[in-house]
Amino acid sequence: MPELPEVESVARHLQRILPNRTIEQAIVTRATLVEEATPEAFCARLQGVTFTEIGRRGKHLLLHLSSNDTLITHLRMTGRFLYLDRDATPLKHTHARFFLDNGKQLAFDDQRHFGRMHLVKSSEVADTREIRDLAPEPLGPEFTFGYLKQTLVKSSRDMKELLLDQTRVLGLGNIYAVEALFAARIHPETPANLVPGRKAKDLYEAIQAILEAAIEAGSTIQTDPEVIDGSYFGNSFEEALVVYDREGEPCIRCESPIARIRQGQRSTYFCPKCQKAPKKKD
DNA sequence: ACTAAAGCCTGGCTGC
DNA sequence: TGCAGCCAGGCTTTAG
């Protein structure tokens, strides 16, 4: 389930192999992958085009092309790129293949069909629906403590839900949102505008530290060169997570059992002792 | 302008 | 052993 660090890892990997590679032929075998365009029009627009640079905005990959188009790709839950020999057989859930001019193919594989590709003019990327409303990059200069504090003050939503809103705080998914709240000792159901300034500061620092550590881990741990999904190959990434998916296990700080609740339609993990409940509502 | 919730998807797991 | 049903969750859409 790629969050910002995993997408960054994928972007860096693609940046090493794609620039100056030309697409000789593109094939899309699942129409919903490319949304508004027909697969035929989409593939025709990619034919003979060369990759220039690979970027990222939030969890979106930006594959810039010599045609002054940009292929915006979101991996969602299970999307991944595969870098295979030209004649490799497509896997069960491979929905697009780009045959390159070096005897290789870049395949897009997505078990759960949530991933999306959107081909737009590069000059219009910032105005697209998926990019337009995103919050500042969490590791960039615009994501200041002042920005986060103002964002919290303006919302009455539960902290956990606010952290998942990409238009407010960018880059966190369910895993890192839960980890950041644990690090800052904030109960996930605390209304955002009731988080005290000192804890907001802790959260601000935790968000950046967690994302930076995850990106660092992704850049040093060995990956499968054929599978570009941001996950780690031969290593257990889960070991770095201290609360996520650890219901019933002892808190690393106080040894109280980690609790699990539902927020939205997804699981939230936290320590009921370290992360004090907000002043009651209902 | 804001928040809440359903829906999209497949496969792994649980419990009967 | 088989199978129904739950669960995973990023994001869009719809409703309030």
Side-chain angles (χ1 to χ4, degrees), chain A residues 1-11 28-37 56-62 72-81 90-96 108-118 120 125 127-135 137-138 150-181 188-195 207 211 214 229-231 237-238 241 243-248 258-270 278 281-282:
Chain A
M1 55 219 76
E3 302 183 23
L4 186 148
E6 291 76 32
V7 179
E8 175 66 19
S9 174
V10 170
V28 168
T29 49
R30 182 174 61 79
T32 54
L33 171 64
V34 297
E35 289 185 87
E36 65 273 81
R56 177 190 60 74
R57 179 80 173 95
K59 302 173 190 172
H60 300 264
L61 290 163
L62 306 177
I72 305 175
T73 300
H74 200 303
L75 305 173
R76 295 285 183 94
M77 301 301 301
T78 53
R80 56 184 186 160
F81 281 106
L91 303 181
K92 183 177 176 186
H93 299 292
T94 293
H95 308 302
F108 185 76
D109 191 80
D110 185 7
Q111 175 191 111
R112 283 163 67 182
H113 301 193
F114 280 13
R116 291 290 183 270
M117 290 184 174
H118 189 186
V120 301
V125 168
D127 300 320
T128 57
R129 186 193 57 196
E130 52 266 66
I131 302 296
R132 190 178 51 211
D133 299 323
L134 296 179
E137 283 294 322
Q150 274 308 304
T151 300
L152 300 191
V153 164
K154 287 188 288 189
S155 176
S156 60
R157 300 170 74 184
D158 289 1
M159 272 309 302
K160 162 71 181 319
E161 307 221 36
L162 184 115
L163 289 183
L164 293 179
D165 184 341
Q166 304 296 296
T167 71
R168 310 302 179 88
V169 177
L170 184 61
L172 300 177
N174 204 44
I175 295 175
Y176 296 133
V178 159
E179 296 288 326
L181 288 171
E189 291 180 308
T190 310
N193 52 15
L194 296 186
V195 173
I207 289 169
L211 292 176
D229 63 357
S231 71
F237 169 59
E238 288 75 15
L241 306 176
V243 281
Y244 180 79
D245 202 22
R246 292 189 182 277
E247 182 182 14
I258 297 300
R260 177 167 78 114
I261 58 175
R262 300 288 291 182
Q263 279 182 291
Q265 290 101 283
R266 57 206 63 168
S267 289
T268 297
Y269 301 87
F270 70 105
K281 21 190 195 163
D282 19 46

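Chain letters run A, B, ... following the sequence lines, proteins first and then strands; every chain starts at 1. The shown structure was predicted, so the numbers you read here are calculated from the model rather than taken from an experiment.
Rounded to an integer number of Å, the gap from L163(A) CG to dT3(B) P is 13 Å. Rounded to whole angstrom, the span from the CD atom of Q263(A) across to the P atom of dA6(B) amounts to 16 Å. Rounded to an integer number of Å, the gap from NZ of K92(A) to C1' of dT10(B) is 8 Å. The separation between H118(A) atom NE2 and dG10(C) atom C1' is 18 Å, rounded to whole Å. In this structure, N193(A) places its CG atom 13 Å from C1' of dT3(B), rounding to the nearest Å. Protein atom CD1 of I131(A) is 14 Å distant from nucleotide atom C1' of dG10(C), rounded to whole Å. One interatomic measurement links the two molecules: CG of D165(A) to P of dT3(B), which rounds to 8 Å at whole-angstrom precision. Nucleotide dC9(B) holds its C1' atom 14 Å from the CG atom of D109(A), rounded to whole Å.
Across all strands shown, S156(A) has heavy atoms under 4.0 Å from sugar-phosphate atoms exclusively, and none from any base. Within 4.0 Å of R30(A), counting heavy atoms only, lies no atom of the nucleic acid at all.
H95(A) contributes a side-chain N or O that, together with a main-chain N or O of H93(A), makes up a donor-acceptor pair within less than 3.5 Å. Looking only at distances, a side-chain donor or acceptor of Q263(A) sits under 3.5 Å from a matching main-chain atom of P188(A).
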Let me have a per-nucleotide readout for nucleotides 11-16 of chain C, 5' to 3', with B, S or -, counting only protein heavy atoms under 4.0 Å. BSS---
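Put simply, NZ on K160(A) and CG on L164(A) are 5.0 Å apart, with the number rounded to the nearest 0.5 Å. Between the NZ atom of K154(A) and the CG atom of L162(A) there is a distance of 10.5 Å, given to the nearest 0.5 Å. The structure places CD of Q111(A) at 11.5 Å from CG of L91(A), a figure rounded to the nearest 0.5 Å. In this structure, CZ in R76(A) is found 13.5 Å from NE2 in H113(A), a value given to the nearest 0.5 Å.
Side-chain atoms of E3(A) lie closest to dG10(C) of the nucleotides dA8(C), dG10(C), dC2(B).
Applying the side chain to side chain contact (heavy atoms under 4.5 Å, CB included) test between H60(A) and each of V125(A), T73(A), L134(A) identifies L134(A) as the sole match.
Between R168(A) and dT3(B) there is a side-chain polar atom (N or O) within less than 4.0 angstrom of OP1 or OP2. OP1 or OP2 of dC9(B) has not a single side-chain nitrogen or oxygen of H93(A) nearer than 4.0 Å. Residue T32(A) has no polar side-chain atom (N or O) positioned under 4.0 Å from OP1 or OP2 of dC8(B). In this model, the phosphate group of dA8(C) is approached by a side-chain N or O of S267(A) to a distance below 4.0 Å at OP1 or OP2.
Between E130(A) and R57(A) no salt bridge is recorded (no basic side-chain N to carboxylate O distance below 4.0 Å).
When the C1' atoms of four end pairs are superposed on the next four at each end of the helix from dC2(B)-dG16(C) to dC16(B)-dG2(C), using five pairs per end, the two resulting axes differ in direction by 50°, to 10°.
Looking at R157(A), its side chain has no donor and acceptor atom pair within 3.5 Å of the base of dA4(B).
Side chains of T94(A) and T29(A) form no contact here, defined as non-hydrogen atoms less than 4.5 Å apart.
The nearest heavy atom of DNA chain B to H113(A) and to E161(A) marks one nucleotide each, and the one closer to the 5' end goes with E161(A).
Closest heavy-atom contact between L75(A) and P2(A): CB-CG, 3.9 Å.
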